[in-house]
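Keep in mind that the numbers below use all heavy atoms, side chains included, and drop hydrogens, waters and symmetry copies. Along the sequence shown, the residues carry numbers beginning at 1.
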Amino acid sequence: MGSDSKNSKLNNFIIQGGILAFAGVLVRMLGLVKRIPLSYIIGDVGNSYYSAAYEIYNIVLTISSYGIPLSVSKLVAARVNKGHFRNANKVFHCALIFALCVGSISSILVFTFSRQLSIAMNEPMSNLALMVLSPTLFIVAIMGVFRGYFQGLGTMVPTACSQLIEQIILITVSLSSSYMLTKRGARVGAILQNPNYANAYGAAGATLGCSVGAAAGLLFLIYIYKGYSRKLQKQIYKDPSHTIESTSTVFIALICTIVPVVLSNTVNNISNFLDQYLYNRIMVEKGLLDIKSINWGIYSGKYLVLIGVPIAMANAMGASSVPTVAGIMKRKAYDEARDKISKVIRITMLISIPCAVGIAVLSPSLMYFLFSSTNETGPILLRIGALGIVLFSFSTLTNGLLQGMSHLREPITHALIALLIHVCILILLLKFTNLNIYAVAFSNNIFSFVICVLNLISIRKILNYRQEYIRTFVIPFISAAIMGLVCYLVSIPFTANGYSRLLIMVNILIGCIVYFASMVVLKGITETELNQLPGGRKIYSLMKRLHLMR
């Protein structure tokens, strides 16, 4: 009975993580849908303005409210596991007050100092995009409380649905407003004799979708919360505890949980900020002003968007693991914790490794397929950064696992060490080589690699944990290598007379079949594991028809 209960909880953990992972990947795919026409509308220069505004937004968001969902989910889960629903509800209301305060302050500050912040990024014309983006800070802070609350209750569905709604509205508003504002910016640019106003206005239109999309996601969560309130009242009525935590105690708990998470993620976002700041500054010093914005537009608007799709899955798995692992560690069920960690790392690698190999092999085809681009910069970036897909996925996931184990200091320390190494390597490469934008992708691989190593060492020490390597890393890599070789050979006749989107899609489908067939033949995946992956049941059904699985 105990074993069945344990397996049921483990499966639920993977299912909930899978729901959030599937939504995360779908959101990133929808993001790709947005960025493809957006690249045509605002161009690579506009993408650079959009990226500069978004980097500033990300840093302020991280400092102000990024840690709210994780903190709320962890604190709520700890109380729900004990049946203390009154105190879980108290955490929710205190977190709302906190979010209202920090969200308001951060929005006002960014709006007020948008020009100074844009100049600091060496992209002064991103000022308008940043002003339009500033209200999103307030909305996202409030939304984070609701998402964290539902995650703490053990359901990822409201978060996943709100993410999809947010992205759909974001795409619609971003594309329409960027198109209209680009035209207006062109007229302003003609008067002021500066064609870049069209790109600047277009970037501002793109950021408008972020605010409207976030507002739509928040309204959905409020609606779900109101529908849940009746069940909540019944749970509170049955609550065996009669002691309600004081407001000051809850606020202290929130702050003590949020601050380490904020510090850890601030380092990651500062890394992105420093990348663009150092790149822009050194390119200007080297007299490469003409290609500076264009190359960064390719890096941020095409390369990062594309590799972000598989990394989104790791983000989701990390987010879903925090409340679950926190509850297990609270019970001191260390064997169960090791089991969950092993399984979630394995599933993450099953997806990230073939994605990395596929993107590296098919990089020219993918850049043409998505952006109609035959420029060599994008494919080279993808080949350099493909390894980063695996490294970033692993580092993101292990950060979440350490936070779930209440070891909040380690991710901060590891990120700081990695940041120092990353910045030193980036400066050296930018100053003393001709790698230019490729130096940014290469040094980011080093950044995530250092975090991976340090995080894994910490998890080993805390739980006496040993990761299984053969089925987690070796077999997926061999299967992905076979897939990559097949895709490369198939691409030769497919691209002999130029690129065809239909043939590229056929090649990707062939790659997926070859990868999963190789995994089955090499006994790297079971039916149960396959069914737990996003879309795994359909893949299993296809494998069964091909007589590759029983």
Just say parallel, tilted or perpendicular for the rings of Tyr50 and Tyr54, cut-offs at 30° and 60°.
parallel
So, do [X] and [Y] sit near enough that their side-chain heavy atoms are less than 4.5 Å apart?
X: Leu350; Y: Tyr515; result: yes
X: Val145; Y: Phe92; result: yes
X: Phe516; Y: Ser479; result: no
X: Ile255; Y: Phe98; result: yes
X: Leu381; Y: Tyr299; result: yes
X: Phe394; Y: Thr348; result: no

Minimum heavy-atom distance between [X] and [Y], given as atom pair plus value:
X: Val91; Y: Leu254; answer: O-CD1, 4.5 Å
X: Asn47; Y: Ser300; answer: O-OG, 3.7 Å
X: Ile389; Y: Ala356; answer: CD1-CA, 3.9 Å
X: Asn445; Y: Gly388; answer: OD1-CA, 3.2 Å
X: Ser118; Y: Leu130; answer: OG-CD2, 4.0 Å
X: Ala88; Y: Val76; answer: O-CG2, 4.0 Å

Please test Ile42 against Tyr49 for side-chain contact (heavy atoms from CB on, under 4.5 Å), starting from the C-alpha separation and ending with a verdict.
CA-CA 9 Å; Ile42 66 176; Tyr49 297 157; over 6 Å; no
What distance separates [X] [atom1] from [Y] [atom2], expressed to the nearest 0.5 Å?
X: Ile508; Y: Met483; atom1: CD1; atom2: CE; answer: 10.5 Å
X: Ser271; Y: Ile451; atom1: OG; atom2: CD1; answer: 8.0 Å
X: Phe392; Y: Thr396; atom1: CZ; atom2: OG1; answer: 7.5 Å
X: Ile224; Y: Cys161; atom1: CD1; atom2: SG; answer: 7.0 Å
X: Ile41; Y: Asn199; atom1: CD1; atom2: CG; answer: 12.0 Å
X: Met143; Y: Ile68; atom1: CE; atom2: CD1; answer: 11.5 Å

Residues 358-367 side chain polar contacts: donor-acceptor under 3.5 Å, at least two apart:
residue, atom, partner, partner atom, Å
Ser363, OG, Ala360, O, 3.3
Ser363, OG, Arg383, NE, 3.2

What verdict does the side-chain contact (heavy atoms from CB on, under 4.5 Å) test give for Trp296 and Asp275, after you've listed the backbone C-alpha separation in whole Å, the side-chain angles of each residue and the deciding distance to 0.1 Å?
CA-CA 10 Å; Trp296 193 267; Asp275 285 348; 3.8 Å; yes
Donor-acceptor pair, distance only, cut-off 3.5 Å: does the side chain of [X] make one with the backbone of [Y]?
X: Ser342; Y: Asp339; value: no
X: Ser174; Y: Ala206; value: yes
X: Ser107; Y: Ser134; value: yes
X: Asn507; Y: Leu503; value: no
X: Ser162; Y: Gly217; value: no
X: Arg147; Y: Pro158; value: no
X: Arg184; Y: Met180; value: no

Lys302 vs Leu306, test: side-chain contact (heavy atoms from CB on, under 4.5 Å). Steps then yes/no.
CA-CA 6 Å; Lys302 296 173 182 176; Leu306 191 53; over 6 Å; no
For a ring-ring contact (aromatic ring centres under 6.0 Å, His included) check, start with the C-alpha distance between Tyr228 and Tyr225, then their side-chain angles and the critical distance, and finish with the verdict.
CA-CA 5 Å; Tyr228 176 73; Tyr225 178 77; 7.1 Å; no
Working note: Arg79 + Lys90, criterion side-chain contact (heavy atoms from CB on, under 4.5 Å); need CA distance, chi angles, decisive distance, verdict.
CA-CA 10 Å; Arg79 285 149 182 79; Lys90 183 68 176 283; over 6 Å; no
